[in-house]
There are 2 protein chains.
Amino acid sequence: MASRQQQAQLTRKKILDAALELFNENGFDDVRVSDITDKSKTSKGAFYTHFNSKYEIFLEKFKEIDDFYLAFEKEHAALDSPALFLERLHLAQARYLRDELGKDTVRTIYMNLLRPSEKNFVSDPNRPYFQIVKRQIEKGQQAGTFRIDLPVESLSSQWAKAIRGNVYDWCAHDNFDIEEELKQLMNILLDGIKA
Amino acid sequence: MASRQQQAQLTRKKILDAALELFNENGFDDVRVSDITDKSKTSKGAFYTHFNSKYEIFLEKFKEIDDFYLAFEKEHAALDSPALFLERLHLAQARYLRDELGKDTVRTIYMNLLRPSEKNFVSDPNRPYFQIVKRQIEKGQQAGTFRIDLPVESLSSQWAKAIRGNVYDWCAHDNFDIEEELKQLMNILLDGIKA
DNA sequence: GGCATTCAGAGACCAAGGTCTTTGAAAACG
DNA sequence: CGTTTTCAAAGACCTTGGTCTCTGAATGCC
């Protein structure tokens, strides 16, 4: 028989695959842990040895978003206006959230990030998103188009938080055109960080 | 015996009082619905005829914040710089959230606002907070200090959402000085909405 | 007053996320 | 090898928010 470790990895994968498929079909709230263990022919015991919660396994889906950011940066490396870069990045992000992930997924993530037990992966400063924003703002500072009375860290973290407020509200409402709203916000923010 | 309606109101009050007291002592997550019904000498049936969820009753506590905003506006009516008014308002707000309500309460509210069933009371544009912000921004526009290429509605709603992003992050993290962070954000935002 | 109807309230019940105990095979040991 | 230890996995069990059914007193109607 396969080694214990190999077997465990296989079980983990079976659970993960089943879960992601079910989440895609029915959304987080309409998938029971028992649905996942049934579909993957495993058990609660197996589920909770590999994942700490139903939410944690759901996050796996969200992590793809980092690939999106990295791909965007690569694709737009030629663009040398940081302001323009940031604007396009976030409009693309808005479409990605809306069309690829879907409001329901984002809502679930934003909700669960506030659970006391969670360590907040989304606003981890090491994530590609922050690195990219930071690089652009630094570039703008060096070019003299962005203000330098506040450090890059402050400007970029404030930028990110303002954007997050917009995404949060989008999750909480119907009739909210996130692309349009983000455009407006960035209009203001860019004015606020210009030299 | 008291009329049915009177009796019902009394029961409602008993539940509400017991609940708020328990929430204050132990926080939302550590209070069971059964704790509330035990303390108030009522029952699940009574609880759910008067409130739709454990969260809904918790919101009652939060609604006091509107009194805070109204009091602030009254107290600072003499201040005629909208920029200064907004800055002071939000620093006072930061302290109120931190010292009066507490991070845990705010976190719970921000979490539950994203529940699909909730109608978002917090970002209801009729709330005093929005009215106050809107009035100040309008005042600034009329005085020629704030930009007029975007309508008051846009400026104020973007303002509110950016602030909300900051509060959200404060809830999600330890080691986050909300007063300092808000100061920084407003520095940028005010620059962004100035004429 | 007598009868039908309504409705606040009690509490059994249900659903579903998460925990605990148990088991049996694989690894480690000698 | 034989024995002990470890540990993935199974599934019974617990917890707790919320629902459902039932009851009995207040209200409405004649």
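Quantities reported herein were computed from a predicted structural model and do not represent experimental measurements. Chain identifiers are assigned alphabetically (A, B, ...) following the order of the sequence lines, protein sequences preceding nucleic acid strands; residue numbering begins at 1 within each chain.
- Counting to the nearest Å, the P atom of C:dG11 and the CD1 atom of B:Ile15 are 13 Å from each other.
- When rounded to the nearest whole Å, the span between OH of A:Tyr48 and P of D:dA12 equals 16 Å.
- Looking only at distances, a side-chain donor or acceptor of B:Gln141 sits under 3.5 Å from a matching main-chain atom of B:Arg147.
- Proximity note for B:Arg4 (side chain, C-beta onward) versus C:dG9, D:dA9, C:dT6: the nearest is C:dT6.
- For the pair A:Phe47 CZ and D:dA8 P, the interatomic distance rounds to 16 Å; values are reported in whole Å.
- The nearest whole Å value for the distance from the CG atom in B:Asp30 to the C1' atom in D:dT15 is 13 Å.
- Of all nucleotides listed (D:dA9, D:dT27, D:dA10), D:dA9 comes nearest to the side chain of A:Gln7.
- A salt bridge is defined here as a Lys NZ or Arg NE, NH1 or NH2 lying under 4.0 Å from an Asp or Glu carboxylate O, and B:Glu100 with B:Arg95 fails to meet this definition.
- Judged by distance alone with a 3.5 Å cut-off, a donor-acceptor contact links the side chain of B:Lys44 to the base of D:dG18.
- In terms of position along DNA chain C, the nucleotide closest to B:Gly45 lies nearer the 5' end than the nucleotide closest to the other residue of the pair A:Gly45 and B:Gly45.
- No hydrogens or angles were tested; on distance alone, nothing pairs the side chain of B:Arg32 with the base of D:dT15 as donor and acceptor under 3.5 Å.
- Contact between the side-chain N/O atoms of A:Ser53 and the OP1/OP2 oxygens of C:dG17 is not found at any separation under 4.0 Å.
- Rounded to an integer number of Å, the gap from A:Phe51 CZ to C:dT19 P is 15 Å.
- In this structure, the CD1 atom of B:Ile57 is 14 Å from the C1' atom of D:dG18, given to the nearest Å.
- Under a cutoff of 6.0 Å and an axis angle of 45°, A:Lys61 and A:Phe23 do not form a cation-pi pair.
- Rounding to whole angstrom units, NZ of residue A:Lys14 and P of D:dA10 are separated by 8 Å.
- The listed nucleotides are C:dG18, D:dC7, D:dA9; the one nearest the side chain of A:Arg115 is C:dG18.
- Backbone-only engagement by B:Lys54 is indicated by non-hydrogen atom pairs under 4.0 Å involving sugar-phosphate atoms exclusively.
- If you take NE2 of B:His50 and P of D:dG18, they are 17 Å apart, rounded to a whole angstrom.
- In this structure, B:Leu10 and A:Phe28 both approach DNA chain C, and ranking their closest nucleotides by distance from the 5' end singles out B:Leu10.
- Looking at heavy-atom distances under 4.0 Å, B:Ser34 makes no contact with the nucleic acid at all.
- Using modelled atom types, no side-chain atom of A:Gln184 and backbone atom of B:Leu150 make a donor-acceptor pair closer than 3.5 Å.
- In this pair, B:Phe176 and B:His173 present their aromatic rings parallel. The plane angle is below 30°, not in the 30 to 60° band.
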